[in-house]
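Every number for a ligand or one of its atoms is a count from 1 in the order of the listing.
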Amino acid sequence: MIKKPKQLLVPNSEALVNEALKDLGQRIEQPMRRAFLQRALSLGGLSLLSGCAVVDEESVESALLKVSRFNDKAQAWLFDPNRLAPTYPESMITRPFPFNAYYGEDEIREVDEASYRLEVTGLVADKQAWTLAELRTMPQETQVTRHICVEGWSAIGKWGGVRFASFLRRIGADTTAKYVGFKCADDYYTSIDMPTALHPQTLLTLTYDDQPLPPRYGFPMKLRMPTKLGYKNPKHIQAIFVTNTYPGGYWEDQGYNWFGGS
Ligand SMILES: Nc1nc2c(c(=O)[nH]1)N[C@H]1C(S)=C(S)[C@@H](COP(=O)(O)O)O[C@H]1N2
Ligand SMILES: [Mo]
């Protein structure tokens, strides 16, 4: 049996972001993509990696997607469910913490707390929808961790909420299923692998900096994972579903690497 090269997981945000950037492939603008291809590997090399002839733009796209899918598998294999992401003292919190979304700050979604219900569907025993008040009755914990965005910034923040593993067990989720998917109030969507869903630092987040999550950071609820890049952390979650059918994601369907580990 081949031993897992554990040292590859030593947290180093710059190297991690570089790794993530390598995976962006498809959506990088033309000049950047060309530079990436010239620097990272020749078209011949890409052909070898992807197992298909790379002769034009379109085949570059599909070859990069194949490499990205291969990287999903490699990352899933490397992911250590017991390894914790670094945590930081509160004095290191980035203030103000950056806002980011696929739209600008003037379009931040306002979700109404009174009518909000978190839908739970798919491979779960209890499909009862949750109010915010009900989510607040579950045991809460906080974490001060680093958020890394592939756009080239990272920031340290403090999030609080319910351990996602506890929530999944509470709703009787089939934890042998492959994926957990998320649908958001702003039409964003993403999905994660079950081992990451069950990771002890994966938090169904209700607060930011000890205050109710403000709209800009994803009110009423977001999923916070210090083991994954920013775009894998859905804000304004409206529905959670457990499935064995690959659900993709907003950026992932445009070529961003699906596993998106950090
Ligand atoms: N619903 C929703 N979630 C989202 C996004 C989005 O556009 N919509 N953007 C993602 C990206 S790319 C980043 S970097 C983080 C930004 O979170 P922040 O505003 O709390 O910094 O949210 C992620 N989750
Ligand atoms: Mo991001």
Side-chain angles (χ1 to χ4, degrees), residues 13-14 16-29 32 68 85 88 92-113 116-119 132 142-161 164 180-192 196-197 201-241 247-262:
S13 51
E14 200 183 279
L16 295 170
V17 170
N18 285 338
E19 272 310 300
L21 283 172
K22 271 197 229 155
D23 280 337
L24 289 181
Q26 287 210 342
R27 270 290 140 154
I28 310 176
E29 301 158 82
M32 251 183 96
S68 186
Y88 302 87
M92 283 181 73
I93 293 174
T94 308
R95 297 181 194 281
F97 191 86
F99 159 83
N100 197 24
Y102 69 90
Y103 42 82
E105 293 197 42
D106 51 333
E107 286 178 63
I108 292 174
R109 298 306 189 271
E110 298 276 350
V111 176
D112 173 48
E113 170 161 0
Y116 175 75
R117 296 288 179 283
L118 171 66
E119 280 169 48
L132 208 49
T142 58
Q143 59 173 248
V144 180
T145 52
R146 184 184 292 277
H147 171 118
I148 303 170
C149 175
V150 288
E151 287 178 324
W153 57 270
S154 84
I156 294 173
K158 182 180 184 184
W159 292 271
F164 196 45
V180 182
F182 304 90
K183 290 182 201 159
C184 309
D186 58 357
D187 297 331
Y188 196 78
Y189 61 103
T190 187
S191 56
I192 57 170
T196 299
Q201 286 172 309
T202 296
L203 204 63
L204 203 155
T205 302
L206 303 171
T207 67
Y208 181 77
D209 210 9
D210 299 319
Q211 302 300 319
L213 203 63
R216 55 195 287 106
Y217 302 140
F219 183 84
M221 207 266 284
K222 71 171 273 180
L223 195 76
R224 172 66 198 140
M225 292 167 284
T227 57
K228 286 225 188 283
L229 293 165
Y231 65 88
K232 300 297 300 180
N233 290 239
K235 307 196 287 189
H236 313 291
I237 300 174
Q238 266 183 340
I240 296 180
F241 57 101
Y250 181 90
W251 290 115
E252 295 88 332
D253 291 351
Q254 300 176 52
Y256 280 66
N257 174 250
W258 177 75
F259 194 85
S262 76

Given 3.5 Å as the limit, does a donor-acceptor pair link the side chain of [X] with the main chain of [Y], or not?
X      : Y      : value
Trp159 : Leu213 : no
Thr190 : Pro234 : no
Thr202 : Thr196 : yes
Tyr188 : Tyr231 : yes

Give the numbers and elements of all ligand 1 atoms closer than 4.0 Å to a heavy atom of [X].
X      : value
Arg216 : 19 (O)
Cys149 : 14 (S)
Asn233 : 4 (C), 22 (O), 23 (C), 24 (N)
Cys184 : 1 (N)
Pro98  : 18 (P), 19 (O), 21 (O)
Phe99  : 19 (O)
Phe97  : 20 (O), 21 (O)
Ala101 : 6 (C), 7 (O), 9 (N)

Just let me know how Tyr188 lines up against ligand 1, side chain, backbone, both or neither, with a heavy-atom cut-off below 4.0 Å.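 The part of Tyr188 near ligand 1 is the side chain, not the backbone.
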Please work out, at 4.0 Å between heavy atoms, whether the side chain, the backbone, both, or neither of Asp186 comes within that distance of ligand 1.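 Within the 4.0 Å criterion, Asp186 contacts ligand 1 through side-chain atoms alone.
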Measuring from atom 13 (C) of ligand 1, which candidate in Gly249, Gly230, Ser154 has the nearest non-hydrogen atom?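 It is Gly230 whose heavy atom sits nearest to atom 13 (C) of ligand 1.
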Which residue and heavy atom of the protein sit nearest [atom], plus the separation:
atom                    : result
atom 7 (O) of ligand 1  : Tyr102 N, 2.9 Å
atom 19 (O) of ligand 1 : Lys235 NZ, 2.6 Å
atom 14 (S) of ligand 1 : His147 NE2, 3.2 Å
atom 20 (O) of ligand 1 : Tyr217 CD2, 3.4 Å

Is the closest heavy-atom distance from Glu151 to ligand 1 below 4.0 Å?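 It does not; every heavy atom stays at 4.0 Å or beyond.
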Does Trp153 have a non-hydrogen atom less than 4.0 Å from ligand 1?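 It does, in that a heavy atom of Trp153 comes within the 4.0 Å cut-off of ligand 1.
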Within the 4.5 Å heavy-atom criterion, are [X] and [Y] side-chain neighbours or not?
X      : Y      : value
Tyr217 : Arg224 : no
Leu223 : Ile192 : yes
Leu132 : Phe219 : yes

Sub-3.5 Å N/O-N/O distance, Asn100 and ligand 1: yes
Hey, what's the ring geometry for Phe97 with Tyr208, parallel, tilted or perpendicular (30° and 60° as the breaks)? tilted
What orientation do Trp251 and Tyr256 show, parallel under 30°, tilted 30 to 60°, or perpendicular over 60°? tilted
Cation-pi check, Lys228 onto Phe259 ring (under 6.0 Å, within 45° of axis): yes
Just by distance, no angles: are the side chains of Asp186 and Tyr102 close enough, under 3.5 Å, to form a donor-acceptor pair? no
